[in-house]
Each structure stands twice: as C-alpha cells, then as structure tokens.
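Start at 1 and go down the list; that is how both ligands and their atoms are numbered. These numbers were taken from a predicted model, which means no experiment stands behind them.
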Amino acid sequence: MADKKIIAVTGATGAQGGGLVRAIMADRSGPFTARAITRDPISAKAQALAALGAEVVQADVDDPASLRRAFQGAHGAYCVTFFWAHMKPEQELAEARNLAQAAKQAKVAHVIWSTLEDTRQLVPLSDDRMPTLGGKYKVPHFDAKGEADGIFAEAGVPTTCLVTSFYWDNFIHFGMGPKQGPDGTLAITLPMGDARLAGIAAEDIGKCAYGVFQKGKDLIGKTVGIAGEHLTGAQMAAGFAQALGQPVRYNAITPETYRGFGFPGADDLGNMFQVDRDFEKQMCAARSLDVSRALNPELQTFAQWLGGNKGRIPLE
Ligand SMILES: NC(=O)c1ccc[n+]([C@@H]2O[C@H](COP(=O)([O-])OP(=O)(O)OC[C@H]3O[C@@H](n4cnc5c(N)ncnc54)[C@H](OP(=O)(O)O)[C@@H]3O)[C@@H](O)[C@H]2O)c1
C-alpha cells in the first residue's frame, strides 16, 4: 500500500465520492489508494469504506485547516461541493475556494473539480424566459459550480473539470420517481418537452472520475463531460414501463408549472430543466457518451441501471 498514490476524496460517503472510492479500492493492482474524507469517520458509511481498505480521515469543506490536513501527501483530490445541504451558491463558491487553496498548499498533482455549466453564459440574467434567482443566478446549483471553474484555474492547481449529469438515482432519492395519476397509471413528470436529458447512474460518475485519474496529465487543464445516455422523457417512461412490467406515461409539463411545485429548490430545478430543454444540443454535446465509456468501460445504460435498481424505486 505504501507505494500507492493517494487520491483524497471529498463526499466519500455520498454518491459521487463513494463511487470513486469503490472504483479505486476495487482495482487492487492499480496505482492508487483512496483517502475517504468525511465529517464523521465512525459513521456506518465511513466504516464501510474503511472495510474496503480506504483510509478514512475527518474534514469539513467549510473548515480550510481540516481540508489542508486531509489533502496533505495526496497525489490527487476529488473535489465536490454539496449544494443541497445548504442551497446557498455563495457558500458553494466559498467551499470551492477552500478546496482549491487546500489542493494548492498540499501541492496536489491532479485535482478533479466536479462541476456543471454556468448557465448564465447561455441565459443571461436579462433573459426573462426564466426568473433570476437570488438576484444573480439562473440555476444556482449549476452557476456557482461553473463560476468556481475559474477559482481552480486562478489558484493554479492542475485541474480537470468534470461536468456531471442528472443522476437517474433522483428517481429513487429525490422524489422524482413514477407516481400514480388519477386513473391509477404511473407517470414520470418532467418539464423537458421532447428534448433529451443527459443522465447517468450516480455510481458511474466515480468510475469515470477514476478513469480521469488514470489518464492523468493528458486531462489536466481539460473539461470532460460525462453521461450514460441522452434520453427523452418518453424514452425514460418507456424504460420504466419495460422494467416495471406496467404502463408508465411521460407527463410533460411546463417549466413554469415545475417551478410552482413549491418544494425547496423547485425554482432552481425548473430553471435547470428549462436550460436542459432549450439548450438540448449544447447540454448533450457537452456530455459525450463515447468519452464517458472510454473512461469507464462499465458505463450503464438507463435500462441496465433500471434492471439493478427497480426494486428501490418508490412507486406512489
Ligand atoms: N442529484 C443530481 O442529479 C446531481 C447531478 C449533478 C451534480 N449534482 C451535485 O452533486 C453534489 C453532491 O454530490 P453527491 O450527490 O455525491 O452528494 P451526496 O450523495 O448528497 O453526499 C455527499 C456527502 O458529502 C458529505 N458532506 C456534506 N456536507 C459536507 C461538508 N460540509 N464537508 C464535508 N463533507 C460534507 C456527507 O458526508 P459525511 O456526512 O460523511 O461528512 C455526504 O455523505 C451537489 O452539489 C449537486 O448539485 C447532483
């Protein structure tokens, strides 16, 4: 183990970081070992990573000194922030600064910054097709990440910007799964019209990130977008119907209706889907399936992901 290069992984007990720790530790003969970063090293999730052989260390992205300690001696660092834990883009920017500075001070050789588009480059604040949120954002959980690409560049850390995609796991964990309509038929509800949405099995993000670390310096200074498939709402509904063995409709609604659902973040997500719909070509082109498969030969299709997860999807 001593001769292995350490990859320090934020969000290690979560979807993206967890997938990366599992990918690193599954490759026993590979050049890397994982250092799992968590706020609570004795949690069951952290202990499950320790059981795989990962080193587990305590740090908080809001505590710069803890991050500096956690990145010390690491060859690589996977940097992700947790918008939905606080829903504050300014805090996400501060966390990105903490991550970039910690990586710089620890002289990390390769950082992956888990990012998304700054949608204001597609939809300026003056564009009233969707509301401006928080005074200066269109899609706060995208825009802060995209803005933070510049923070890593300005800090001069050797970075690959990894543009992630909509997790299909949102159908399990984010309340987006099929729900029964008045006639009892299941339906998924999305404001995507006939446009394709770039989606991915969350576990595959970590596997793609592992591919980025393996490729190393070829990808430093580059932006790499990943997705498992680009699918319309109708295609996803058909996938559900096939997997569940019962009819599932696609309930296409407007972004305005989605924003009006009123749950925390509904306006942010309504704007996100509107960008995905109105800029379908750019959003899908930025997430190449071929590049994703080259990084991660085990990349799942939606049907494969459904096959492994259909029992976990809550049907209301
Ligand atoms: N859902 C989607 O479709 C989607 C798509 C693309 C991008 N994203 C982005 O993905 C990001 C979240 O990544 P994820 O889904 O992998 O996260 P996740 O599964 O929600 O969990 C991430 C882990 O982060 C840790 N964490 C939370 N706050 C922390 C802090 N202050 N310091 C250190 N660790 C902290 C927690 O671990 P401990 O409790 O062990 O500390 C948690 O287990 C969000 O910013 C979101 O915008 C989501």
Side-chain angles (χ1 to χ4, degrees), residues 8-23 35-50 54 56-67 69-71 77-89 91-99 102 112-119 137 139-148 161-177 190 197-209 225-228 236 264-265 268-269 271-273 275-276 283 286-287 292 305:
V9 182
T10 53
T13 58
Q16 297 188 23
L20 175 57
V21 171
R22 286 184 284 278
R35 178 182 288 166
I37 297 173
T38 170
R39 292 165 301 173
D40 180 7
I42 59 168
S43 72
K45 284 181 176 177
Q47 287 304 307
L49 300 175
V56 174
V57 305
Q58 195 278 335
D60 189 315
V61 292
D62 295 313
D63 174 357
S66 73
L67 276 183
R69 284 194 298 275
F71 283 2
Y78 187 76
C79 295
V80 55
T81 45
F82 315 104
F83 180 86
W84 298 106
H86 46 69
M87 297 174 66
K88 297 188 191 100
Q91 185 169 340
E92 199 167 28
L93 284 164
E95 291 166 352
R97 261 179 230 111
N98 293 343
L99 288 160
I112 295 179
W113 163 235
S114 173
T115 191
L116 290 164
E117 285 86 352
D118 184 340
T119 64
Y137 302 99
V139 184
H141 80 285
F142 271 54
D143 298 348
K145 290 183 182 70
E147 189 174 328
C161 290
L162 185 71
V163 181
T164 63
S165 287
F166 175 86
Y167 306 172
W168 292 325
D169 306 65
N170 294 332
F171 291 121
I172 303 174
H173 305 297
F174 222 80
M176 293 187 184
L190 291 169
L197 177 66
I200 194 164
E203 190 72 8
D204 277 333
I205 296 177
K207 290 184 179 181
C208 290
I226 53 170
M236 286 189 271
D268 187 333
L269 290 173
N271 283 7
M272 174 193 82
F273 285 123
V275 170
D276 282 323
M283 300 302 276
R287 294 159 171 81
S292 308
W305 177 82

For H141, take its heavy atoms, then give the atoms of ligand 1 lying under 4.0 Å from any of them.
-> 47 (O)
Write down the atom of R39, the atom of A59, and the distance for their closest heavy-atom approach.
-> CG-O, 3.5 Å
Partner residues of E95 under the salt bridge (charged side-chain N to carboxylate O under 4.0 Å, His left out) criterion, sequence neighbours left out | none
Heavy-atom contact under 4.0 Å between S165 and ligand 1?
-> yes
Say whether V61, considering both its backbone and side-chain N or O atoms, lies within less than 3.5 Å of an N or O atom on ligand 1.
-> yes
With a cut-off of 4.0 Å, which atoms of ligand 1 are near a heavy atom of D62?
-> 31 (N)
Any idea which heavy atoms bring M87 and G265 closest together, and the distance?
-> CE-N, 3.4 Å
Just jot down the ligand 1 atoms closer than 4.0 angstrom to any heavy atom of T81, in number order.
-> 11 (C), 12 (C), 44 (C), 45 (O)
Proximity of W84 to ligand 1 by residue part, where a heavy atom lies under 4.0 Å = side chain
Should the ring pair W84 and H141 be called parallel, tilted or perpendicular, given that the plane angle runs from 0 to 90° and is split at 30 and 60?
-> tilted
F83, any N or O under 3.5 Å of ligand 1 N or O = yes
Among all protein heavy atoms, pick the one closest to atom 34 (N) of ligand 1 and tell me residue, atom and distance.
-> F82 CE1, 3.5 Å
Contact partition for E95 relative to ligand 1, non-hydrogen atoms under 4.0 Å | neither
With rounding to the nearest 0.5 Å, note down the distance linking CE in M283 to CZ in F166.
-> 12.5 Å
Region of A85 that comes within reach of ligand 1 [heavy atoms, distance under 4.0 Å] = neither
Nearest option to atom 46 (C) of ligand 1, as decided by whichever heavy atom of E92, K145, Q91 sits closest | K145
Least distance between heavy atoms, T115 atom then C161 atom | CG2-CB, 3.9 Å
Minimum-distance pair of heavy atoms, taken over all atoms of V57 and A70 | CG2-CB, 3.9 Å
Could you tell me which atoms of ligand 1, counted from 1 in the order shown, lie closer than 4.0 angstrom to a heavy atom of Q16?
-> 7 (C), 8 (N), 9 (C), 10 (O), 13 (O), 16 (O)
Just to confirm, does any protein heavy atom lie below 4.0 Å from atom 20 (O) of ligand 1?
-> no
So do the side chains of H173 and Y167 get within less than 4.5 Å of each other, counting heavy atoms only?
-> no
Short list, please: which atoms of ligand 1 are under 4.0 Å from a heavy atom of F166?
-> 3 (O)
Donor-acceptor under 3.5 Å (D169 side chain, A202 main chain) = yes
Any heavy atom of N170 under 4.0 Å from ligand 1? The part involved is side chain
Sub-4.0 Å atoms of ligand 1 with respect to non-hydrogen atoms of G11 = 23 (C), 24 (O)
Heavy-atom distances under 4.0 Å are what count here, so tell me which part of I37 touches ligand 1: side chain, backbone, both or neither.
-> neither
Minimal non-hydrogen separation, S165 against A227, with atom names | OG-CB, 3.5 Å
Name the one of T81, L67, D60, V61 that satisfies side chain to side chain contact (heavy atoms under 4.5 Å, CB included) with N98?
-> L67
Just go through S114, G199, A12, G14 and tell me whose heavy atom is the nearest to atom 18 (P) of ligand 1.
-> G14
Close-contact set for ligand 1 against T164 heavy atoms, below 4.0 Å | 6 (C), 7 (C)
Could you pull out the closest heavy-atom pair between T10 and C79, with the gap in Å?
-> OG1-CA, 3.4 Å
With heavy atoms only and a cut-off of under 4.0 Å, state how K45 meets ligand 1: side chain, backbone, both or neither.
-> neither
